[in-house]
Amino acid sequence: MIDKFRVYTSDYSVKPRANLSLKPHAINQSTGRPVSDAIAYIDTSRKVHQGKGAFHNTDHFNLDIDQYGYLAIEFNPSKIVHGHNYFAVNKDGLNTAIDTISSEVHSLGIDFSINALELSRVDLARNAKISHPYSQYAHALEMALHPRYMPIHDAETDMGYFKMANKSRQYVFYDKLQELRKEQSIEPESIGIQTPFVTRGELRFMNPRTTKKALGLDTIG
């Protein structure tokens with residue numbers, strides 16, 4: 001299943017009414033002035049908005065305009081359709097999520113082509129119902145998941161969580177039911193999950209080059 005998208009573009013416009021928050025520059029304590037006059041964006045009325053960037057976050061997406069002028073949007077199709085990311089979405093659900101993102105971002109006052117958005121990150125995921133608590137598998141995962149191109153210092157381990165990562169890919173395994181309860185405030189039984197133990201495995205392609213090479217995809221379209 002697709003767990004998450006991060007998409008970006010430099011081809012967009014921002015209307016004067018756009019509901020965006022600016023990332024303020026640091027202030028020089030001796031002068032009381034901003035340390036930079038960099039521009040976050042210029043709206044369609046040609047008004048300049050200064051800052052390190054701009055952003056807008058909702059339950060459905062996180063939007064960011066960086067210091068180089070790129071607009072990025074990160075979203076999880078399953079959360080848009082189901083309200084959580086335990087269950088996968090089918091093709092119709094994916095299209096619904098993409099249409100929702102397009103509509104909601106346009107309503108902020110930002111115009112762009114949804115199909116032209118380029119992929120900078122794609123997370124694939126799968127849930128596995130297991131017979132014992134995640135903790136009993138953690139050591140085996142650490143032993144098995146050490147590709148030669150991912151040094152040991154790039155591994156992260158925590159209670160119910162394991163990650164191997166480099167700049168291109170991440171391999172992540174964790175206790176999915178614990179994550180639902182702690183991070184999403186959802187009791188598994190409330191969404192029909194009856195099994196006591198579920199491990200989530202995720203493969204994350206972390207940049208455009210890796211995403212295109214692995215999946216043959218470069219845009220949402």
Side-chain angles (χ1 to χ4, degrees), residues 1-12 53 55 57 60-82 84-102 104-105 110 112-128 137-138 140-158 161-176 179 183 198-221:
M1 61 180 278
I2 293 174
D3 184 58
K4 182 180 290 184
F5 283 122
R6 184 175 175 84
V7 293
Y8 71 99
T9 184
S10 60
D11 185 12
Y12 65 95
F55 66 95
N57 299 328
H60 285 168
F61 64 87
N62 295 331
L63 180 148
D64 180 83
I65 296 176
D66 68 17
Q67 59 185 323
Y68 305 107
Y70 283 96
L71 168 73
I73 305 168
E74 188 170 281
F75 65 99
N76 185 305
S78 296
K79 284 187 176 180
I80 295 171
V81 174
H82 300 301
H84 56 80
N85 70 336
Y86 185 87
F87 297 116
V89 294
N90 58 20
K91 183 178 179 181
D92 288 341
L94 179 58
N95 287 333
T96 295
I98 291 172
D99 289 344
T100 298
I101 292 297
S102 179
E104 292 185 0
V105 176
I110 301 175
F112 63 96
S113 170
I114 189 72
N115 288 329
L117 291 177
E118 298 183 66
L119 294 165
S120 63
R121 173 176 172 176
V122 176
D123 295 2
L124 304 181
R126 185 172 183 178
N127 298 323
Y137 300 89
L141 287 171
E142 292 178 36
M143 295 292 290
L145 293 174
H146 277 168
R148 285 177 292 178
Y149 53 87
M150 287 187 173
I152 185 63
H153 65 262
D154 286 336
E156 294 181 21
T157 58
D158 200 351
Y161 182 85
F162 174 77
K163 180 172 77 173
M164 288 291 299
N166 62 19
K167 294 181 179 179
S168 299
R169 298 187 184 204
Q170 295 182 359
Y171 299 86
V172 182
F173 292 83
Y174 57 92
D175 184 329
K176 184 58 184 176
E179 188 268 348
E183 303 297 327
V198 177
T199 288
R200 173 73 149 232
E202 296 182 6
L203 172 55
R204 302 170 179 174
F205 301 103
M206 300 300 293
N207 59 53
R209 181 179 179 182
T210 303
T211 298
K212 185 170 184 178
K213 182 177 179 181
L215 303 177
L217 303 173
D218 52 11
T219 68
I220 283 285

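- We find the CD1-CD1 distance between Ile98 and Ile80 to be 9.0 Å, quoted to the nearest 0.5 Å.
- In this model, no donor atom of one side chain and acceptor atom of the other lie less than 3.5 Å apart for Asn207 and Lys212.
- For the pair His82 (side chain) and Ala88 (backbone), a donor-acceptor distance under 3.5 Å is present.
- Looking at heavy atoms from C-beta onward, Tyr161 lies out of side-chain contact with Asp175 at the 4.5 angstrom threshold.
- The shortest distance between side-chain heavy atoms of Tyr12 and Ser113 does not fall below 4.5 Å.
- The 12-atom threshold is not exceeded at OH of Tyr70, counting heavy atoms of other residues, nucleotides or ligands nearer than 6.0 Å.
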TODO: Show your working on ring-ring contact (aromatic ring centres under 6.0 Å, His included) between Phe173 and Phe162 and close with a plain yes or no.
DONE: CA-CA 5 Å; Phe173 292 83; Phe162 174 77; 7.2 Å; no
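- Tested against Phe205 for a side-chain contact (heavy atoms from CB on, under 4.5 Å), the candidates Leu217, Leu124, Asp123 yield a single pass: Leu124.
- Within a 6.0 Å sphere centred on CG of Asp11, other residues, nucleotides and ligands contribute 12 heavy atoms or fewer.
- Atom CD of Glu74 sits about 11.0 Å away from atom CG of Leu63, to the nearest 0.5 Å.
- A 4.5 Å side-chain heavy-atom check between Val81 and Phe87 finds every atom pair outside the cut-off.
- Contact check for His60 versus Thr100: side-chain heavy atoms found under the 4.5 Å cut-off.
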Open item on the list: Test side-chain contact (heavy atoms from CB on, under 4.5 Å) on Asn95 and Lys91; report intermediate values, then the result.
Closed with: CA-CA 6 Å; Asn95 287 333; Lys91 183 178 179 181; 4.0 Å; yes
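- Remark: side-chain polar atoms of Thr96 are paired, donor with acceptor, to backbone N or O of Asp92 under 3.5 angstrom.
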TODO: May I have the step-by-step check of side-chain contact (heavy atoms from CB on, under 4.5 Å) for Asp218 and Leu119, ending in yes or no?
DONE: CA-CA 5 Å; Asp218 52 11; Leu119 294 165; over 6 Å; no
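- The heavy-atom pair separating Ile2 from Pro77 by the smallest distance is CG2-CG, 4.4 Å.
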Open item on the list: Set out, in order, the CA-CA distance, both residues' side-chain angles and the distance that settles side-chain contact (heavy atoms from CB on, under 4.5 Å) for Arg121 and Lys4, then state yes or no.
Closed with: CA-CA 8 Å; Arg121 173 176 172 176; Lys4 182 180 290 184; 4.2 Å; yes
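- Residues Arg204 and Val172 have side chains in contact (heavy-atom distance under 4.5 Å, counting atoms from C-beta outward).
- If you run side-chain contact (heavy atoms from CB on, under 4.5 Å) between Ser102 and each of Ile220, Asn115, Ile73, Ile114, only Ile114 comes through.
- Of the listed residues (Leu117, Leu94, Ile101), just one forms a side-chain contact (heavy atoms from CB on, under 4.5 Å) with Phe5, and that residue is Leu94.
- Side chains of Tyr171 and Glu202: no donor on one and acceptor on the other come within 3.5 Å.
- Using a 4.5 Å heavy-atom cutoff, the side chains of Lys163 and Gln170 are in contact.
- With Asn57 contributing its side chain and Asn62 its backbone, the two residues share no donor-acceptor pair below 3.5 Å.
- Listed for the Ser120 side chain is a donor-acceptor partner under 3.5 Å among the backbone atoms of Arg6.
- Two residues are said to be in side-chain contact when any heavy atoms from C-beta on lie closer than 4.5 Å; Asn90 and Met1 fail this criterion.
- The heavy-atom pair separating Tyr86 from Arg200 by the smallest distance is O-NH1, 3.9 Å.
- A donor-acceptor pair is defined here as one N or O able to donate and one able to accept, closer than 3.5 Å; no such pair exists between the side chain of Ser78 and the backbone of His84.
- The closest side-chain heavy-atom distance from Phe61 to Glu104 is below 4.5 Å.
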